Amino acid sequence: MAARQELAEIRARLVVLLQHTVGPALTMEEAQAILERAKAWSPQAARKLDAHIAEHPDALIAPAPHCPGPLPRLLQALETAGHGDTVTQLACAICGRAGRKLPRPTPHGRACDWCVDQHQLRTCARCGKNGLIAARSEEDGGICRRCYKSDRRFTGPCAECGQHGTHLLRRRGDSLIALCRPCAGFTDRECVRCGTLSPVHTHSAAGPVCQRCYVAPAKLCGRCGQFAELAKRGERGEPGVCYRCYTREGLCTVCGRFRDGAFSQTTGGAFLCDSCRPRPSHRCADCGRTKKSCALWPVGHLCYSCYSRRRRNPEPCSLCGVARVLVDRNDNGAICGPCCGADIDFSCQRCGSPGDILGDGCCVGCVTGTRVNDLLADEDGQIIPALKPLALALSSAPRPRSVLTWLRRSPTARLLAALAASHSEITHELLDDLPQNAATRNVRDLLVHTRVLPPRQEYFNQLELWFHKVAQDLPPAHVEFIRPFAEWFIIRDARRRANRGRYSLGAATVDRNEIRAGIEFMQWLDGQQIPLTSLTQTHLEVWLTQATDSQRRATAAFIRWTNKRGLTHNLEYPGRPNSQPILFLDDEEHEHQLRRCLTDASLPLELRVVGALIRLYGLSLIRIVHLTIDGFHRDEQEDFFTFDKNPVLLPPTLARLIEQQITTGRQHSALGPLTQEQPRHLLPGRYASRARSPHALSAQLTKHGLPTIAARNTAMFGMAGELPPIIISDLFGIHKNTAAQWAAFAQDSWAGYLAALNATE
């Protein structure tokens with residue numbers, strides 16, 4: 001009884017709602033009849049409708065897209081009864097058309113059957129593949145478009161005139177018969193534009209027009225703002241889009257990525273992105289190779305490589321002389337789209353530059369600027385003032401496509417976006433609190449390069465951060481000795497060298513190894529149950545026999561410190577013997593490698609320059625990577641390079657290689673120098689403000705058969721035997737003691753060689 005009484009109250013509330021919405025002209029009997037026609041009088045439907053109206057009191061005037069099925073049926077029943085002006089009809093959430101049945105709930109809202117079927121893949125009853133259902137058979141069921149077009153039961157002779165072809169199906173009585181268009185009532189008429197007898201597509205003011213001659217009226221595109229034929233009508237409050245701006249996005253069934261693409265009929269109607277979509281193979285009009293066709297231009301089919309090359313390299317047209325993307329060729333040369341009558345024009349809609357167009361008709365530079373703004377902007381769309389130098393450097397980079405790829409893939413870009421969204425002041429201390437991984441280091445280098453952060457001795461600061469992290473995991477008994485050793489012996493000396501500007505990556509590596517060796521030595525003492533204050537010479541010699549070569553070298557600093565602090569008593573640690581260079585090249589091999597560096601065009605240009613500098617002047621890699629282009633200069637007849645204090649005369653071939661490296665050398669960084677006054681490295685690294693890594697250069701030289709140590713030793717040995725040490729020091733920046741040691745080594749070697757030669761005679 002309670003359930004019946006509740007249902008009666010619900011129905012009464014629905015009747016009162018209809019009378020209140022329509023007016024006093026609607027009686028209770030008519031309201032109940034409308035609810036029954038809308039299938040909203042049954043207990044289940046009435047409860048759903050009443051619950052929805054309780055949450056949305058204005059459901060009949062402003063219906064929500066996500067509503068129960070009885071509501072759109074009730075709105076249509078009211079319109080059929082003549083009360084449509086008092087309510088608002090719910091439109092399809094996909095196509096935007098009102099007055100249609102909306103039985104299908106979708107993520108966008110309630111939609112009609114047609115729109116859902118157009119985007120829903122189902123299994124075809126004929127081929128068994130997933131596709132878009134185009135027709136239904138009483139015997140089999142749903143049939144995809146491909147099977148529908150190729151099905152022989154829908155083709156054949158017309159049931160009335162006998163004409164063979166694909167005909168329309170019409171029901172006569174209890175059976176379906178195939179009729180041609182004239183027999184089915186669709187009479188072909190003469191097109192007023194082309195004059196052919198064809199089915200009428202539309203009736204214009206001048207007369208009937210066929211489908212081939214029909215041109216859709218131009219409408220305003222919601223993206224580019226121009227009047228053109230629309231490829232997609234406006235729906236759900238969004239404007240229409242023209243063919244130039246239209247892209248369809250979806251989940252690719254091959255790669256699984258959400259990208260631009262289309263439904264492919266060759267794969268049963270599955271959605272494929274532009275990269276995975278199959279393309280036929282044709283002979284490329286540029287390279288002549290048979291490959292998958294990327295575009296069909298007036299010049300012919302183009303493969304992806306040639307298509308990209310033409311788009312990214314606009315040239316002056318041979319007819320009009322305007323720099324555009326050239327899409328055809330004639331007897332005079334390559335010509336652009338407007339000159340050959342083709343509507344192909346790759347001009348940026350924002351800046352007007354030709355070629356290399358990406359999304360929304362904009363070039364790579366404009367798209368890069370937009371995405372940089374999105375990356376570094378706040379909620380109001382304004383770039384944070386502190387990051388404006390960085391945004392300017394990224395937007396005006398000489399290689400915007402590299403910046404665009406970096407924005408899309410790099411974790412550094414994601415970290416920058418997180419820092420911009422945090423509204424915190426970006427400082428070195430803020431970055432020090434983050435995990436010191438590759439992304440954090442890259443962000444710091446980028447901010448220093450663009451002058452957002454001041455430069456600092458990064459190798460020294462990273463040494464401090466590393467030790468603070470290591471010290472947290474040490475036991476208290478070890479911290480008592482390791483912390484003063486690291487902070488007052490190693491890091492203090494490193495700070496003094498960093499203030500003088502002489503702290504390099506190699507020095508930081510040595511200091512880190514000495515601290516790590518001290519920690520490992522303390523761990524070994526714990527394993528042997530030997531207190532540090534009880535360490536004897538015998539214990540130390542046992543350690544030396546068990547330790548590796550690197551541990552033996554690095555532990556010397558810790559033992560020296562314990563002796564000075566009185567923690568150990570006059571322990572003797574074996575010193576490093578002064579080893580003489582042993583790796584050399586014979587004269588013939590040295591000359592052969594130098595000739596390769598100067599003449600072999602198959603070698604990378606930067607390796608040729610580096611290899612020649614090592615073999616001619618004995619320069620170390622650490623000095624070569626820090627050379628700047630302002631050291632290269634020339635007078636009227638000769639070329640010079642200042643490596644230290646005085647200019648050094650260059651051979652003409654090496655001078656040409658250095659000049660070529662300065663003008664056209666490979667740039668590893670997408671960002672160039674910020675100002676002309678900023679010194680530019682001869683071998684720029686990942687960022688233009690930093691030099692190349694000497695370790696990477698050494699590995700590349702060795703890979704190409706150009707070892708560095710043996711070649712430098714040979715060059716230094718030759719110069720030490722011919723030039724005084726002071727000259728070598730002034731010309732090549734070698735310390736005077738090092739130059740004197742090389743001179744002594746060369747003299748001793750020549751003396752031994754001459755003595756051995758006299759003995760044989």
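Small disclaimer: the values here were computed from a predicted structure and weren't measured.
- Glu458 and Arg441 are not joined by a salt bridge, as no carboxylate oxygen comes within less than 4.0 angstrom of a charged side-chain nitrogen.
- Note on residues 373-396: no pairs pass ring-ring contact (aromatic ring centres under 6.0 Å, His included), not counting sequence neighbours.
- Atoms OG and CG, from Ser402 and Leu394 in turn, are 12.0 Å apart once rounded to the nearest 0.5 Å.
- Here the shortest heavy-atom pairing between Gln593 and Gly705 reads NE2-O, 4.0 Å.
- Under a 3.5 Å cut-off, the side chain of Arg329 and the backbone N or O of Ala334 do not form any donor-acceptor pair.
- Between the side chains of Asn437 and Thr440, at least one donor N or O sits under 3.5 Å from an acceptor N or O.
- Although no hydrogens or angles enter the test, the distance criterion places a donor-acceptor pair under 3.5 Å between the side chain of Asn513 and the main chain of Thr509.
- The shortest distance between side-chain heavy atoms of Ile614 and Leu701 falls below 4.5 Å.
- Proximity of Cys336 to Val322: side-chain heavy atoms (C-beta onward) are nowhere separated by under 4.5 Å.
- Looking only at distances, no side-chain donor or acceptor of Ser347 sits under 3.5 Å from a matching main-chain atom of Gly352.
- Contact of the Leu505 side chain with the His695 side chain is registered, since non-hydrogen atoms from C-beta on lie closer than 4.5 Å.
- Heavy atoms only, all atoms of each residue included: Thr368 and Pro400 are closest at OG1-O, 3.4 Å.
- With hydrogens and angles ignored, the 3.5 Å screen pairs a side-chain donor or acceptor of Arg310 with a backbone N or O of Leu326.
- Side-chain contact between Tyr304 and Lys292 is absent, with no heavy-atom pair separated by less than 4.5 Å.
- Lys703 places none of its side-chain heavy atoms less than 4.5 Å from the side chain of Leu607.
- For residues 413-438, the pairs satisfying salt bridge (Lys or Arg N to Asp or Glu O under 4.0 Å) are Asp432-Arg444, Asp432-Arg456, with sequence neighbours left out.
- Side chain of Thr412 to backbone of Val443: no donor-acceptor contact under 3.5 angstrom is found.
- For the residue pair Cys348 and Cys362, the shortest heavy atom distance occurs at SG-CA, 3.7 Å.
- In summary, the side chains of Arg289 and Ser305 do not present any donor paired with an acceptor at a separation below 3.5 Å, with no hydrogens or angles considered.
- No donor-acceptor distance shorter than 3.5 angstrom exists from the side chain of Arg324 to the backbone of Pro354, with no hydrogens or angles considered.
- Looking at Leu453 and Leu431, their side chains come closer than 4.5 Å, going by heavy atoms from C-beta outward.
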Review point. Can you list the steps and then say if Asp286 with Arg309 is a side chain to side chain contact (heavy atoms under 4.5 Å, CB included)?
Key: CA-CA 10 Å; Asp286 280 0; Arg309 175 183 53 80; 2.7 Å; yes

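- Of all heavy-atom pairs spanning Gly618 and Arg712, the tightest one is O-NE, 3.0 Å.
- With Thr450 contributing its side chain and Leu446 its backbone, the two residues share a donor-acceptor pair below 3.5 Å.
- Between His633 and Thr642, some side-chain heavy-atom pair lies under the 4.5 Å cut-off.
- Using a 30° and 60° split on the angle between ring planes, Phe632 and Phe641 fall in the tilted class, from 30° to 60°.
- Here the shortest heavy-atom pairing between Ala391 and Ile383 reads CB-CD1, 3.6 Å.
- The minimum heavy-atom distance between Ser353 and Cys363, with the atom names listed, is OG-SG, 3.6 Å.
- At a threshold of 4.5 Å between non-hydrogen side-chain atoms, the residues His428 and Asn461 do not count as touching.
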